[in-house]
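Heavy atoms only: backbone and side chains are in, while hydrogens, waters and symmetry mates are out. Numbered from 1 within each chain, the chains take letters A, B, ... in sequence-line order.
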Number of protein chains: 2
Amino acid sequence: MHPYETIRSEILRRINDQTWPAGYVLPQEEQLAVEFEVARGTVRRALSSLVDAGLIERKRRAGTRVVDRKSHTSTLTIPIVRHEIENAGHHYGYKLLSARICGPEIDEKGIFGDVMLRHILCLHLNDGRPYQLEDRIISIDAIPEAETFDFKSISPNEWLIAKAPYSSVRTILRADCASGNDMKHLRVKAHDPVFIIDRQTSFNKVPLTYARLSHSGDRYQIVTETDEI
Amino acid sequence: MHPYETIRSEILRRINDQTWPAGYVLPQEEQLAVEFEVARGTVRRALSSLVDAGLIERKRRAGTRVVDRKSHTSTLTIPIVRHEIENAGHHYGYKLLSARICGPEIDEKGIFGDVMLRHILCLHLNDGRPYQLEDRIISIDAIPEAETFDFKSISPNEWLIAKAPYSSVRTILRADCASGNDMKHLRVKAHDPVFIIDRQTSFNKVPLTYARLSHSGDRYQIVTETDEI
DNA sequence: AAGTGGTCTAGACCACGTC
DNA sequence: ACGTGGTCTAGACCACTTC
């Protein structure tokens, strides 16, 4: 155990103890450095880690305060669907359903502005059974290669990750009833629950792509684990 | 813009450019320090930040490599339901439905082991309408105060965050059909989709509590935004 | 204006993992 | 065994923000 880990643990203990309750102002860096007999940099490292964990807040001149926790945060990882299936030891399958070039009118949400778009509908299979239906729009303006790429053997999901770096992502998770396409391709019944991931990615504020990923509710879930806050 | 930010941006540019493609081994810290005319520590800071973002991997002796991205990660924040509702400018309401002490037999998943448990069922309301149904089990062994606390005016959700620090959280997100309790209390119809958050928290490996939080699918979604990777 | 955290340096030494 | 990243130090100076 390195010094900064020891210091982190000790400070964490005092917070959990309520020795240092929510709102409490911690001693300043120099004082902690004296107490723990280390350099100021080592104290800073421990404190920075607690800032990242959301347990303390720091402001110049005002000092370091214990945060009053009002939420849980966890890191959500959404893997490429092919890896998700293969890592679980299953057989991955892919089927392109349609690929066309469209005008801006299919962009119902007005994300992309007045540009030509590529619209792809495809299905990801787990051991031959429908697993995820991918309904995707790509901005041809932002990614010109998307205009001619055929997506017959590589899914847009995977092609995009290799091709187009992104700088920001907006993800929405929700539960809904199966749509017409869901019923047809995911083989679920009307009113069956589906788990939907809506995702929109941009690069330097320019929208690149939008996807609606739907899954049969009884075959899909997202698990996240946060350890050792 | 500080030097470490400039360096981070420049390295990021080279990765996005494919100047440094996936698998590429970066120059070592000392060399980058010479190139950018800064101290080694400043280079380390930029690189650490890219490690956190999941864009590079570092190993002693082997060096620093550009990662082959296989997943999206985003930070999921699940706020206390009362704050979520109030921050949206709505009126929060709370209703305790039942609170009882049970033996280990109600712990169907065998999370808690052979201990006495507190079981609470309660409802969170948004502008008077059912919003979230909370079905919660608390280990009396781990949190003795839970045995006698009545939860009549404070929800277990909120009480626990103030009372019991946790060190690890396991969260499962899924879509399902409404259960009997969901239909009764969330006022949804049979087969209506519900969004379920299953959450289990522990402190130093000791299980503290388990909750099933259900929401009507048409009134709930989770949004996450990741900026400036 | 003054005090807090934030950035940077130059250097030493350590430890893990690959070669 | 040895070269890479990892940790730590001691110090200087900066910049934000509250007093």
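Atom-to-atom, CD of B/E37 to P of C/dC8 comes out at 15 Å; the value is rounded to the nearest Å. Summarising the geometry, the separation between CG on A/L26 and C1' on C/dT4 is reported as 13 Å, rounded to the nearest angstrom. Straight-line distance from the CD1 atom of B/I7 to the C1' atom of C/dT9: 13 Å, rounded to whole Å. What separates CD of A/Q31 from C1' of C/dG5 is a distance of 13 Å, to the nearest Å. One atom, CZ of A/R45, and another, P of D/dT9, lie 12 Å apart when rounded to the nearest Å. Per the geometry, CE belonging to B/M1 stands 19 Å off P belonging to C/dG6, to the nearest Å. Look at CD on A/E57: it is 14 Å from C1' on C/dG5, rounded to the nearest Å. Separating the CD atom of A/Q28 from the C1' atom of C/dG6 is a distance of 14 Å, rounded to the nearest angstrom.
Between B/E35 and B/R14, at least one side-chain N (NZ, or NE/NH1/NH2) sits under 4.0 Å from a carboxylate O, which counts as a salt bridge.
Annotation: salt bridge (charged side-chain N to carboxylate O under 4.0 Å, His left out) contacts of B/D176 (sequence neighbours excluded): B/R174.
Between B/F195 and B/Y220, the distance separating the two ring centers is shorter than 6.0 angstrom.
A donor-acceptor contact closer than 3.5 angstrom links the side chains of A/Y210 and A/D198. Of the N and O atoms on the side chains of B/Y131 and B/E84, at least one donor lies less than 3.5 Å from an acceptor on the other residue. In this model, no donor atom of one side chain and acceptor atom of the other lie less than 3.5 Å apart for A/D141 and A/S139.
Relative to the side chain of A/R44, the nucleotides D/dT4, C/dG5, C/dT9 differ in distance, and C/dG5 lies closest. For A/P3, whose side chain is taken as the heavy atoms from C-beta onward, the closest listed nucleotide among D/dG5, C/dT4, D/dC8 is D/dC8.
Between A/T42 and D/dT7 there is no side-chain polar atom (N or O) within less than 4.0 angstrom of OP1 or OP2. At D/dT7, one or more side-chain N or O atoms of A/Y4 fall inside 4.0 Å of OP1 or OP2 (strictly under the cut-off). Residue A/T64 has no polar side-chain atom (N or O) positioned under 4.0 Å from OP1 or OP2 of C/dT4.
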Could you go over nucleotides 11-18 of chain C and give all protein N or O partners under 3.5 Å, atom names and distances?
residue : atom : partner : partner atom : Å
C/dA15  : N3   : B/R60   : NE           : 3.2
C/dG17  : N2   : B/R61   : NH1          : 3.4

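Between B/S202 and B/S168 the shortest side-chain heavy-atom distance falls below 4.5 Å.
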